[in-house]
Peer 1: 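I'd like to ask you about the structure that follows.
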Amino acid sequence: MTVMKKILVAAVVAAVAVYIGYRFMKIKEMSLASRELPMKHLNCHYIKNIEYGAEDITVLRDGLAFLSTGLHFPRMPWFSDEPGKMYVMDMLHPRPTAVQLQIKGDLDLSSFNPHGISAYVDEADDSVYLFVVNHPQQKSQVEIFHFVQENTLVHLKTITHPLLHSVNDVVAVGVESFYATNYQAFSYDVLNAVTVLLGFSWCDVVYYSPSEVRVAADGIMSANGINISPDKRYIYVSDIMGHSINVYERKERERLLYLKAVAVGSLCDNIEVDHRTGDIWLGCHPNGMKMAMFDPKDPPGSEVIRIKNIHSNQPVVSQEYVDNGRVLMASTVAAPYEGKLLIGTVFHKALCCNLK
């Protein structure tokens with residue numbers, strides 16, 4: 001090899017090394033590795049029976065709250081080998097209690113691993129359908145249940161599709177139709193590691209119906225929580241690594257038109273929407289590095305963020321709850337209802353708090 005070729009190769013190798021080092025620094029920056037927050041507590045108590053996380057929570061207008069618990073997620077700690085469970089709480093009760101839901105139907109409960117959830121009420125007969133992201137053997141699929149009396153979920157259908165390869169969360173828009181977020185660009189870990197390292201925004205939102213499945217929105221760094229406005233016109237998506245909430249307008253054939261992104265300054269996970277005010281409530285990770293490098297002596301904290309007037313030119317973003325992990329580790333969701341707030345986590349406990 002000539003001297004010039006050697007110099008050229010050395011220059012290329014050095015440039016690649018510098019770029020990779022830069023990207024690692026950016027990833028550390030995006031994970032908010034140095035972020036520490038002063039605590040801001042509410043009047044809260046632990047929800048009885050919830051010992052191994054409530055990764056997602058959603059509340060119906062009549063006060064019924066559904067909780068998915070016991071998530072086993074790659075590269076995250078978990079403290080029970082039992083399969084996941086679903087719970088329900090009546091928020092109108094003076095002392096709301098989480099009651100385990102019985103699951104009936106053709107579903108392998110031994111590998112049930114629930115993640116994001118969404119409820120849909122059929123206006124024709126007020127039937128309640130629960131959509132649950134499930135990761136049996138770390139696969140991605142969506143289960144549809146019918147909620148019936150006596151605290152029972154009847155399994156109706158399992159949905160899989162190549163476009164639904166890394167589903168994180170789901171928002172139902174019909175009895176069998178929904179939008180789902182893919183938190184990874186591929187179903188292969190190596191390719192995903194490369195996309196993260198290079199900073200590609202290749203995650204997407206998929207629309208599913210029995211007659212059509214397609215990408216409804218893309219160009220997202222890491223799509224996480226998803227939800228819908230009370231008037232059903234807008235879809236909200238958390239770009240967790242982008243520290244923002246993306247706002248989309250629903251268009252013909254369920255295409256999503258990107259409108260804007262609202263900066264939140266944190267790693268926000270699931271999205272819940274106050275059905276009265278339209279305020280956005282977010283369960284967030286204030287420091288992603290503490291999540292990734294879990295240390296019980298320095299646990300990952302919890303943060304709840306609220307967005308008022310998200311469609312205005314000046315949305316108001318506020319912190320409503322902050323803990324350093326000593327009370328609540330790794331918050332993922334904050335669900336409001338009539339002056340109360342339910343806060344769930346990846347693998348820890350869950351809180352019921354008073355907002356008034």
Peer 1: Under a 4.0 Å threshold between the charged nitrogen and the carboxylate oxygen, would Lys157 count as salt-bridged to Glu143?
Peer 2: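 Salt bridge absent between Glu143 and Lys157.
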Peer 1: Please report whether the SG atoms of Cys352 and Cys44 are separated by less than 2.5 angstrom.
Peer 2: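 A disulfide is absent here, as the SG pair of Cys44 and Cys352 is separated by 2.5 Å or more.
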Peer 1: Please list, chain by chain and in numerical order, all residues satisfying side-chain hydrogen bond (donor to acceptor under 3.5 Å, both in side chains) with Gln100, sequence neighbours excluded.
Peer 2: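 By the side-chain hydrogen bond (donor to acceptor under 3.5 Å, both in side chains) rule, Gln100 matches no residue at all.
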Peer 1: Determine yes or no for a side-chain-to-main-chain donor-acceptor pair under 3.5 angstrom, with Asn309 supplying the side chain and Ser312 the backbone.
Peer 2: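 Not a single qualifying donor-acceptor pair exists.
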Peer 1: Using the benzene-type ring in the case of Trp, are the ring centres of His135 and His72 under 6.0 Å apart?
Peer 2: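 That pair fails the under 6.0 Å test.
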Peer 1: With the threshold set at 4.0 Å, does a side-chain nitrogen-carboxylate oxygen contact exist between Glu338 and Arg276?
Peer 2: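 Between Arg276 and Glu338 there is a salt bridge, with a charged N closer than 4.0 Å to a carboxylate O.
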Peer 1: Check whether any side-chain heavy atom of Phe112 lies under 4.5 Å from a side-chain heavy atom of Leu107, and answer yes or no.
Peer 2: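 Heavy-atom side-chain distance check passes, below 4.5 Å.
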Peer 1: Look at the aromatic rings of Tyr183 and Phe73 and report parallel, tilted or perpendicular, splitting at 30° and 60°.
Peer 2: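 Ring orientation, 0 to 90° scale: tilted.
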Peer 1: Is there a side-chain contact between Ile50 and Thr69 (heavy atoms, below 4.5 Å)?
Peer 2: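 Yes, close enough: below the 4.5 Å cut-off.
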Peer 1: How about Tyr120 and Phe131: are their ring centroids closer than 6.0 Å?
Peer 2: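 Not close enough - the centres of the two rings lie 6.0 Å or further apart.
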Peer 1: How long is the straight-line distance from CD1 of Ile144 back to CG of Leu130, given to the nearest 0.5 Å?
Peer 2: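 Reported value, rounded in 0.5 Å steps: 10.0 Å.
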Peer 1: Around atom NZ of Lys260, are there more than 12 heavy atoms of other residues, nucleotides or ligands at under 6.0 Å?
Peer 2: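 Enclosed.
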Peer 1: What do you reckon, are the aromatic ring centroids of Phe178 and Tyr207 less than 6.0 Å apart?
Peer 2: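 Ring centres of Tyr207 and Phe178 not closer than 6.0 Å.
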Peer 1: For Arg326, is the CZ atom crowded, meaning more than 12 foreign heavy atoms sit under 6.0 Å from it?
Peer 2: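 For Arg326, atom CZ is crowded (more than 12 foreign heavy atoms under 6.0 Å).
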Peer 1: Ignoring hydrogens and geometry, is there a side-chain-to-backbone donor-acceptor pair from Tyr52 to Gly84 under 3.5 Å?
Peer 2: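 Answer holds: no.
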Peer 1: Within the distance-only criterion (no hydrogens, no angle test), does the side chain of Asp239 pair as donor or acceptor with the backbone N or O of Ala223 below 3.5 angstrom?
Peer 2: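 Pair absent, no side-chain N/O of Asp239 close to backbone of Ala223.
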Peer 1: More than 12 heavy atoms of other residues, nucleotides or ligands under 6.0 Å from CD of Glu123: is that the case?
Peer 2: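 Atom CD in Glu123 is not packed in, count stays at 12 or less.
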Peer 1: So which of Ile47, Val99, Leu64 actually passes side chain to side chain contact (heavy atoms under 4.5 Å, CB included) with Met89?
Peer 2: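 Going through Ile47, Val99, Leu64 one by one, the side chain to side chain contact (heavy atoms under 4.5 Å, CB included) with Met89 is satisfied by Ile47 alone.
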Peer 1: So Leu328 and Tyr321, do their side chains get closer than 4.5 Å, heavy atoms only?
Peer 2: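 Tyr321 vs Leu328: side chains touch.
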Peer 1: Are the side chain of Asn246 and the backbone N or O of Val237 linked by a donor-acceptor pair below 3.5 Å?
Peer 2: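 Side chain of Asn246 to backbone of Val237: no pair is present.
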Peer 1: Would you mind reporting whether Leu341 and Trp281 have side-chain heavy atoms less than 4.5 Å apart?
Peer 2: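 Contact flag for Trp281/Leu341 side chains = yes.
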Peer 1: Judged by atom type as modelled, is there a donor-acceptor pair below 3.5 Å linking the side chain of Ser222 to the main-chain atoms of Ile240?
Peer 2: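 Such a contact is absent between Ser222 side chain and Ile240 backbone.
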Peer 1: Could you walk me through whether Ser266 and Glu303 satisfy the side chain to side chain donor-acceptor pair (under 3.5 Å) test, starting with their C-alpha distance in whole Å, then the side-chain angles of each, then the deciding distance to 0.1 Å, before giving a yes or no?
Peer 2: CA-CA 8 Å; Ser266 189; Glu303 182 178 15; 2.7 Å; yes
Peer 1: Could you tell me whether a side-chain N or O of His146 sits under 3.5 Å from a main-chain N or O of Thr152, the two making a donor and an acceptor?
Peer 2: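 Between the backbone of Thr152 and the side chain of His146 there is no qualifying donor-acceptor contact (under 3.5 Å).
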Peer 1: Identify the residue among Ile307, Asp269, Val304, Leu267 that makes a side chain to side chain contact (heavy atoms under 4.5 Å, CB included) with Leu282.
Peer 2: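 That would be Ile307; it is the only one of Ile307, Asp269, Val304, Leu267 passing the side chain to side chain contact (heavy atoms under 4.5 Å, CB included) with Leu282.
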Peer 1: Does the Ser68 side chain pair with the main chain of Asp56, one donor and one acceptor, at a distance under 3.5 Å?
Peer 2: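 Yes, Ser68 side chain to Asp56 backbone: donor-acceptor pair under 3.5 Å.
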Peer 1: Does atom NZ (Lys349) have a neighbourhood of more than 12 heavy atoms from anything else shown, all under 6.0 Å?
Peer 2: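 For Lys349, atom NZ is crowded (more than 12 foreign heavy atoms under 6.0 Å).
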Peer 1: If the threshold is 4.0 Å, N to carboxylate O, is there a salt bridge linking Lys308 and Asp279?
Peer 2: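 Salt bridge flag = no for Asp279 with Lys308.
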Peer 1: Could you tell me whether a side-chain N or O of His243 sits under 3.5 Å from a main-chain N or O of Gly265, the two making a donor and an acceptor?
Peer 2: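 No, His243 side chain to Gly265 backbone: no donor-acceptor pair under 3.5 Å.
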Peer 1: Return the minimal non-hydrogen interatomic distance between Asp274 and Pro230, and the atom names on each side.
Peer 2: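 Closest approach of Asp274 to Pro230, heavy atoms only: O-CG, 3.9 Å.
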Peer 1: Tell me the closest heavy-atom pair linking Val121 and Val128, and the distance in Å.
Peer 2: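 Heavy atoms of Val121 and Val128 come nearest at CG2-CG2, 4.2 Å.
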Peer 1: How about Ile117 and Val170: do any of their side-chain heavy atoms sit closer than 4.5 Å?
Peer 2: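 No, too far: nothing below the 4.5 Å cut-off.
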Peer 1: The test is side chain to side chain donor-acceptor pair (under 3.5 Å); show your working for His41 and Asp323 and say whether it passes.
Peer 2: CA-CA 7 Å; His41 284 168; Asp323 181 67; 2.8 Å; yes
Peer 1: List the atom of Val247, the atom of Ile310, and the distance in Å for their closest heavy-atom pair.
Peer 2: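 Looks like CG2-CD1, 3.8 Å.
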Peer 1: Might you confirm whether atom CG of Asp295 has over 12 heavy atoms from other residues, nucleotides or ligands at distances under 6.0 Å?
Peer 2: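 Yes, CG of Asp295 has more than 12 neighbouring heavy atoms, counting only those of other groups under 6.0 Å.
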Peer 1: Go through the steps to decide whether Asn113 and Asn134 satisfy the test side chain to side chain donor-acceptor pair (under 3.5 Å), and finish with yes or no.
Peer 2: CA-CA 5 Å; Asn113 192 15; Asn134 185 20; 5.9 Å; no
Peer 1: Given 3.5 Å as the limit, does a donor-acceptor pair link the side chain of Thr345 with the main chain of Ser331, or not?
Peer 2: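 Side chain of Thr345 to backbone of Ser331, a donor-acceptor pair under 3.5 Å: no, none is there.
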Peer 1: State, to 0.1 Å, how close Gly344 and Ile57 come at their nearest heavy-atom pair, and which atoms those are.
Peer 2: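 Heavy atoms of Gly344 and Ile57 come nearest at N-CD1, 3.8 Å.
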Peer 1: Would you mind reporting whether Ile245 and Ser238 have side-chain heavy atoms less than 4.5 Å apart?
Peer 2: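 A side-chain contact exists here, since the closest heavy-atom pair is under 4.5 Å.
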Peer 1: Nearest heavy-atom pair of Pro114 and Met86: which atoms, and what distance?
Peer 2: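 Here Pro114 and Met86 meet closest at CB-SD, 4.0 Å.
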Peer 1: Tell me whether the count of non-hydrogen atoms from other residues, nucleotides or ligands lying under 6.0 Å of CG in Asp231 goes above 12.
Peer 2: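 It does: Asp231 CG has more than 12 such atoms within range.
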Peer 1: Could you tell me whether Lys251 and Glu254 have a side-chain N and a carboxylate O separated by less than 4.0 Å?
Peer 2: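 The answer is no: the pair does not qualify as a salt bridge.
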Peer 1: Under 6.0 Å between the ring centres of Tyr236 and His311?
Peer 2: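 So the answer is yes for these two rings.
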Peer 1: Are the side chain of Arg250 and the backbone N or O of Arg255 linked by a donor-acceptor pair below 3.5 Å?
Peer 2: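 Side chain of Arg250 to backbone of Arg255: no pair is present.
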Peer 1: Does atom CG of Asn313 have more than 12 heavy-atom neighbours, drawn from other residues, nucleotides or ligands, at distances under 6.0 Å?
Peer 2: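 No, the 6.0 Å shell around CG holds no more than 12 heavy atoms from other groups.
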Peer 1: Hey, does Phe347 have a side-chain heavy atom less than 4.5 Å from the side chain of Phe79?
Peer 2: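 Counting from C-beta outward, Phe79 and Phe347 do come under 4.5 Å.
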Peer 1: Contact between Pro74 and Gln138 at the side-chain level, heavy atoms closer than 4.5 Å - yes or no?
Peer 2: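 SC-SC contact between Pro74 and Gln138 confirmed.
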Peer 1: Give a yes or no on whether a salt bridge exists between Lys290 and Glu36, defined as a side-chain N under 4.0 angstrom from a carboxylate O.
Peer 2: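 Yes, charged N to carboxylate O under 4.0 Å.
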Peer 1: On a heavy-atom basis, which atom in Glu272 and which in Thr58 lie closest, and how many Å separate them?
Peer 2: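 Residues Glu272 and Thr58, closest heavy atoms: OE1-OG1, 3.3 Å.
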